[in-house]
Amino acid sequence: MIKKYLLAPGPTPVPESVLLAMAQPIFHHRTPQFEALFAETAKSLQGLFKTAQDVLILASSGTGAMEASVVNTTSPGDRVLVVNGGKFGERWGKIAAAYGLVVDEIKVEWGTAVDPAAIAKVLKAHPDTKLVLMQGSETSTTVLHPVAEVARITRETGTLLVVDGITAVGVLDLPMDELGIDVLLTGSQKALMLPPGLAFVALSEKAWKAVGASKQPRFYLDLKRERDNQQKHTTAWTPAISLIFGLHEALRLMFAEGLDNVFARHDRLARATRAGAEALGLTLVAPTAPSPATTGIYLPAGVPGKLVGYLRDQVGITFAGGQDQLKGRICRVAHLGYIGSFDIVTAMAALEMGLAKFGARLQLGKGVGAAQQILLEGMPAAPAA
Ligand SMILES: *Cc1c(COP(=O)(O)O)cnc(C)c1O
């Protein structure tokens, strides 16, 4: 038997009670029963996004919410600014180009965060820029971008700040209204501890004004139509009913833990993972601005990228590898969603043992020990004698 551990940055493991909630018999969505569940769920989502705006629930993967953000707020020929610091930043550029937008791009060196001053400079040169499109956490390079600082810049302009928070919402505190984020979106299969298939998006007042002026073609992803329905606690189209059962339970779990505790847990697991890697003498992909969602670690010289496939297929530990220029060179250990201290102990142990099998010289237990030292912070004090 090979026991499996899913430690990739999406899809992530799903808690047992969420799986059970999704196993309940379907009931029809045009009913008071569903509307009550939907209303409660939508309210919790507002708490998660920290917004007074409606958080719209879409039956799509995260990219559907990215596309919805673009097609509902622009018209062909509009100018947008894309922060391209990895595969997901690159995706913003592709979506914008597909809808006939004029794309300015800030290329960010992989493994580093965008400099807000560079964004300010472009917006000064092109004050007609409609959107700044960025990631909160760039999952491909394991970087955390400075959303709060960028929001401070866009807030003073006519430009909307659109944040792909797919590995940020539910991982760290990103209070939409307080920061002044105009469009915030996420997906179900990352920090929300659900299977893939749902996406969530909320728009500021400023963004809803842009929706009114937008002339892009759209039908399924028409957010105005969606909002009109969701304000009546239903969806424009048939919702992914079972996933919404699961969502209701996943949000219950997050609020039962307490959002601040959820954020602290992610931060602790991330620090433990980084400490473990560094104790092994390994180099981090994003040392200066690491994401609390996932940690990128360079494989030591001589260890091939197939270590990741070996751990997945023969050992049962699924990490993610690298993409494009990082392909075969890194391993990404995820620590978002339904992940606890002992998943990180397992991850570090598996990484050490895998490296040892590939001939790397290291002292077994060194990474695990360094991680444990930090994970101790999250353990309750021993009861008094
Ligand atoms: C996973 C991810 C996406 C992709 O979402 P899909 O659900 O695959 O469409 C987009 N952005 C970021 C930052 C992600 O981590």
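Counting starts at 1 for both ligands and their atoms, following the listed order.
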Enquirer: Relative to the heavy atoms of S137, which atoms of ligand 1 are at a distance of less than 4.0 Å?
Expert: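 Atoms satisfying the 4.0 Å criterion: 13 (C).
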Enquirer: Do the non-hydrogen side-chain atoms of D104 and V82 ever get within less than 4.5 Å of each other?
Expert: no
Enquirer: By number and element, which atoms of ligand 1 are closer than 4.0 Å to a non-hydrogen atom of T139?
Expert: 12 (C), 13 (C), 14 (C), 15 (O)
Enquirer: Taking non-hydrogen atoms only, is P9 closer than 4.0 angstrom to ligand 1 via side chain, backbone, both or neither?
Expert: neither
Enquirer: For S140 and Q323, run side-chain hydrogen bond (donor to acceptor under 3.5 Å, both in side chains): C-alpha distance rounded to whole Å, both residues' side-chain angles, the deciding distance at 0.1 Å, then the answer.
Expert: CA-CA 7 Å; S140 65; Q323 295 164 284; 4.6 Å; no
Enquirer: Does ligand 1 come near enough to Q135 that some N or O of the ligand is less than 3.5 Å from an N or O of the residue?
Expert: no
Enquirer: Go through ligand 1 atom by atom and flag the ones less than 4.0 Å from a non-hydrogen atom of Q189.
Expert: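 Counting atoms of ligand 1 from 1, those under 4.0 Å from Q189 are 6 (P), 7 (O), 8 (O).
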Enquirer: Going through the checks in order, is the side-chain hydrogen bond (donor to acceptor under 3.5 Å, both in side chains) test met by E40 and H248?
Expert: CA-CA 8 Å; E40 213 174 287; H248 182 266; 2.8 Å; yes
Enquirer: How far is atom 3 (C) of ligand 1 from its nearest protein heavy atom, and which residue and atom name does that atom have?
Expert: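 Of the protein heavy atoms, F88 CE2, 3.3 Å lies nearest.
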Enquirer: Are any side-chain N or O atoms of D343 and backbone N or O atoms of G340, one a donor and one an acceptor, separated by less than 3.5 Å?
Expert: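 It does hold such a pair.
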Enquirer: Quick check against the 3.5 Å criterion: does S214 have a side-chain atom that pairs as donor or acceptor with the backbone of A210?
Expert: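 A pair under 3.5 Å: no.
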Enquirer: Strictly by side chain to side chain donor-acceptor pair (under 3.5 Å), give each pair with a member in residues 268-284 just once, sequence neighbours left out.
Expert: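 Applying side chain to side chain donor-acceptor pair (under 3.5 Å) to every pair that reaches into residues 268-284, excluding sequence neighbours, yields D267-R271, R271-E377.
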Enquirer: Please tell me whether Y5 and F342 form a close aromatic pair, meaning their ring centres lie under 6.0 Å apart.
Expert: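 No, the ring centres sit 6.0 Å or more apart.
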Enquirer: Which residue and atom name correspond to the protein heavy atom nearest atom 14 (C) of ligand 1, and how close is it?
Expert: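 The closest heavy atom on the protein side is K190 NZ, 3.0 Å.
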Enquirer: Does the N or O separation between M66 and ligand 1 drop below 3.5 Å for any pair?
Expert: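 No.
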Enquirer: Is R155 salt-bridged to D182, going by a charged N under 4.0 Å from an acidic O?
Expert: no
Enquirer: Suppose I only count heavy atoms of T63 and a 4.0 Å limit; which atoms of ligand 1 are within that range?
Expert: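 Going through ligand 1 atom by atom, the ones under 4.0 Å from T63 are 4 (C), 5 (O), 6 (P), 9 (O).
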Enquirer: Give the atom numbers and elements of ligand 1 that come within less than 4.0 Å of a heavy atom of S61.
Expert: 6 (P), 7 (O), 9 (O)
Enquirer: I need the contact type for R91 against ligand 1. Using non-hydrogen atoms and a strict under-4.0 Å cut-off, is it side chain, backbone, both or neither?
Expert: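 Under 4.0 Å from ligand 1, R91 contributes side-chain atoms alone.
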Enquirer: If only atom types and distance count, is the side chain of N72 paired as donor or acceptor with the main-chain N or O of V211 below 3.5 Å?
Expert: no
Enquirer: Can you name the atoms of ligand 1, numbered from 1 with element, that are less than 4.0 Å from a heavy atom of T167?
Expert: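 Counting from 1, the qualifying ligand atoms are 15 (O).
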Enquirer: Measure the distance from atom 11 (N) of ligand 1 to every protein heavy atom, then report the residue, atom name and distance (to 0.1 Å) of the closest one.
Expert: D164 OD2, 2.6 Å
